[in-house]
There are 4 protein chains.
Amino acid sequence: MTGAMASQETTDREWGKTRSDKRARILDAAITVFARSGYHGARVSDIAREAGIAYGLVYHYFRNKEEILASAFEERWGDFLAVVDAIAQGGQPARQKLVSVAALILNADRVRPDWVKVLVLEIQRSSRFAAPEQIRAVGRLFEQVARIVREGQEAGDLRPDVDPNVACFVFVGALDLVITSLVLGLTVIEGGDAQQRAYHDRAAAAVVDVFLRGMEPRA
Amino acid sequence: MTGAMASQETTDREWGKTRSDKRARILDAAITVFARSGYHGARVSDIAREAGIAYGLVYHYFRNKEEILASAFEERWGDFLAVVDAIAQGGQPARQKLVSVAALILNADRVRPDWVKVLVLEIQRSSRFAAPEQIRAVGRLFEQVARIVREGQEAGDLRPDVDPNVACFVFVGALDLVITSLVLGLTVIEGGDAQQRAYHDRAAAAVVDVFLRGMEPRA
Amino acid sequence: MTGAMASQETTDREWGKTRSDKRARILDAAITVFARSGYHGARVSDIAREAGIAYGLVYHYFRNKEEILASAFEERWGDFLAVVDAIAQGGQPARQKLVSVAALILNADRVRPDWVKVLVLEIQRSSRFAAPEQIRAVGRLFEQVARIVREGQEAGDLRPDVDPNVACFVFVGALDLVITSLVLGLTVIEGGDAQQRAYHDRAAAAVVDVFLRGMEPRA
Amino acid sequence: MTGAMASQETTDREWGKTRSDKRARILDAAITVFARSGYHGARVSDIAREAGIAYGLVYHYFRNKEEILASAFEERWGDFLAVVDAIAQGGQPARQKLVSVAALILNADRVRPDWVKVLVLEIQRSSRFAAPEQIRAVGRLFEQVARIVREGQEAGDLRPDVDPNVACFVFVGALDLVITSLVLGLTVIEGGDAQQRAYHDRAAAAVVDVFLRGMEPRA
DNA sequence: CATGAATGAGAATTCATTCAT
DNA sequence: GATGAATGAATTCTCATTCAT
């Protein structure tokens, strides 16, 4: 989600637009349009217009509409996963890692709501027909979180009697639904960016807190 | 999800098909087809063929394709919500209510995976364009769960320092992702029905347990 | 080319248009348009307009454009072959059979130039990509003519020292080129229908004559 | 078909590719691709790739796709016609000339099946829309053959009572169909090059023989 | 000359919805 | 109620041709 978006074959001449530049513009435009209209509601012509390029050029860079979504997913999700990987491999205690992941996910929604919308809502749609790679890519997120859990269990920071995968689903599912409720407008945050940030931070903290300490009062 | 499927105007004459019978067949067929191909991928003709009726007859019972999905959602989801309502209004302690809700959701997936698939995956899709009633309907589930949480807090069974809505998102989100991982095939359960039931029961128990007692080891 | 065009599933109700009626109209329109513009130059919308029906109805009866051509070929060519079969199986001497075949082919061009144009010019086009059935269908014409030759040889009416297949190619090829030269406008016949008919008859007679007696003067 | 391929403005500098060299490569590539995919099925990019040159360069040498076909036709057909001209103007008897023409045509198919395929099948296609020059060019072949016939008639070698044009159609049509049956795979010759050559030679001889002496047994 | 990115008109095909029987 | 033929707007994808570098 952060991280340099690796440009595939940029020659990076100083005078201007390169191959991958247009490609990236198409991808950005596509995410915007997908987020606005949904995958099936998005017309290729919309994407072209949003990108400010000619219609047919889209097909110069992508075989078809499906490949646009797949590429967008692959690259953005790749960036996102890289950050999760970095967090998972860090030396911090499990609790801190989980806070970081939660903050990453929830903040991503604040900074790039389009991307999150598409990653969260649109991918499932196509993935059931198409690429199992995409499903596997989603699976990689779970693996990283499950790994954080497992290492936390081994370090004695987390209960060892819960399947790491189930724990992972609880954690990610909780975050996912918090986001979805925001995306779908079930939760409405009034106020400006500051208020939104505050809500996200509080939500992240609360999710981690419930996940770690549970809802039952401690003696 | 359980409960009688409310037939609107069944006359139940002994000699054969009645209005609501055909209507129900269309709805069942639609869910099957939506689950198989997704809402946009499903053709009205597919639904008609699956229901074993003539093409145009669908339009006697439903104004359009969207209404088919809406009706399927409304009726099936209504059945489901009725059960959740009953659980929420019962006199049991919060923990027991949550176990019941978790078991209800996870078992629904085992008994009627098609329905769950559609409810979980397809509704989000169309809901952003179409009926806000559907969103509100989903919201009613959250309300019930939040109510269970709130009453648990008032009864001293649950920590009072967590927003019931956030707690609700954590709980439902966790269940949702467990289901989704099953639906998407991220989690594969080998063995027969008994094994599946066992997995679901364990998962339900684990989700509730993590939700209530947290992942941090207690002293 | 003559003969009743077998209507596939006509129910023949007295009040009007039946399924196969529309189908036949599309086929007729297609042949007209193909003859005018060529297969690739013909738009499906042209065919629909020529047939006086809605655009999409074409796709009710035919899977795609290619299938229209294939069907047109199959049915018209089938009619044509039936007549050739009848000639070949008749009890006349080979010479008479060949005159009949030549007259059939050349007259077909006079009566239904569109059909001949399409059969002669357009089929080769697609046949190289698509249906080997079409190639085999053309082959059946050759088989019938070769059979006439073979039986003529066995009856002592024709020289036995020439491969019947080669003889068949000479005969059909000769007729084909006469037609093609008419279709392409290399040969222009002035005057009305009577003149055209006269030319065709003379050409048919001449082709058979050359085929049978050769160009070398007889002692 | 044999003969030097007339290069328009060859400079033949020793250091490498010249204008006409690239041009010729495009033409060769085009024929290969036309033969493989048909005129309409051939993309300009296919031709460029086959020729091993850049996409847009094709448009330096040819105004458009049609002109590529026209040029290929013109130049290759021109070479072919030159040979036919030479044969027609020779001092041999008609029979010998016809044998030469038949051998020329059939052997061309053996040596350069691509060229023949395109000349035979593709030209008709475009000729009805495009250049009447091409039709006239095809007409020139007929003229030469008709001339051979006419001079044979005048010399007393051939029957005078047959229209030279009809005789010409019989002869060329026969050859054309022998070729077409080879091109379409209706006639399959097993064995290697030697067998093919033998078949062609026999076929050429047989066609001429039938054309000259007819199929009826002589007393 | 050479390159290949950019353009956009054009065509096939799909499919929800209507309607005559 | 039941049927499925008929409609046509909407959209994706193709590909010849142009043009900036």
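By convention in this document, chain letters (A, B, ...) are assigned in the order of the sequence lines, proteins followed by strands, and residues within each chain are numbered from 1. Quick caveat, the model's predicted, so the values are computed rather than measured.
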Original post:
Do any pairs count as a salt bridge (charged side-chain N to carboxylate O under 4.0 Å, His left out) and have a residue in residues 52-65 of chain C, sequence neighbours left out, and if so which ones?
Top reply: C:R63-C:E67
Subject >> Between E:dT13 (C1') and C:R63 (CZ): distance, integer Å >> reply: 13 Å
**OP:** Check C:I26 against C:A51 and note the closest heavy-atom contact, atom names and distance.
**Re:** CA-CB, 4.1 Å
Original post:
Tell me: NE2 of C:H40 to C1' of E:dG10, nearest whole Å?
Top reply: 14 Å
**OP:** Mind listing the closest non-hydrogen atom pair of A:Y55 and A:S45 along with its distance?
**Re:** CE1-CB, 3.3 Å
Original post:
C:Y59 or B:A42: which one's nearest nucleotide on DNA chain E is closer to the 5' end?
Top reply: C:Y59
**OP:** Could you state the atom-to-atom distance from CD of B:E67 to C1' of E:dT17 in whole Å?
**Re:** 13 Å
Subject >> Side chain of C:A54 (C-beta onward), nearest among F:dT12, F:dT7, E:dA2 >> reply: F:dT7
**OP:** Output yes when A:R76 and A:D28 qualify as a salt bridge under the 4.0 Å nitrogen-oxygen rule, no when they do not.
**Re:** yes
Original post:
Is the shortest side-chain N/O distance from A:K65 to OP1 or OP2 of F:dT11 below 4.0 Å?
Top reply: no
**OP:** Please state how far atom CG in A:D46 lies from atom C1' in F:dA10, giving the value in whole angstrom units.
**Re:** 12 Å
**OP:** Starting from C1' on E:dC1, measure out to OH on D:Y61 and report it in whole angstrom.
**Re:** 7 Å
Original post:
Which nucleotide sits closest to the side chain of C:L57: E:dC1, F:dT7, F:dT17?
Top reply: F:dT7
Original post:
To the side chain of C:H60, which of E:dT3, F:dA2, F:dG4 is closest?
Top reply: F:dG4
Original post:
So, does the side chain of A:Y55 form a donor-acceptor pair with the base of F:dT14 at under 3.5 Å?
Top reply: no
Original post:
Which nucleotide, F:dG8, E:dA6, F:dT12, lies nearest any side-chain atom of A:V44?
Top reply: F:dT12
Subject >> Whole angstrom value for the distance that separates P of E:dT17 from CZ of B:F62 >> reply: 13 Å
**OP:** Send over the distance from A:R25 CZ to E:dA6 C1', rounded to a whole Å.
**Re:** 12 Å
Subject >> Pairwise 5' ranking along DNA chain E for D:G56 and B:N64, keeping only the more 5' one >> reply: D:G56
**OP:** Report the relative orientation of the aromatic rings in D:H40 and C:H40; use parallel for angles under 30°, tilted for 30 to 60°, perpendicular for over 60°.
**Re:** parallel
Subject >> Whole angstrom value for the distance that separates C1' of E:dC15 from CD1 of B:I68 >> reply: 13 Å
Original post:
What nucleotide among E:dA12, F:dA6, F:dT7 has an atom nearest to a side-chain atom of C:R43?
Top reply: E:dA12
Original post:
Would you say a side-chain N or O of A:K22 is under 4.0 Å from OP1 or OP2 of E:dA5?
Top reply: no
**OP:** Between C:V58 and A:S45, just flag the one whose closest nucleotide in DNA chain F comes earlier from the 5' side.
**Re:** C:V58
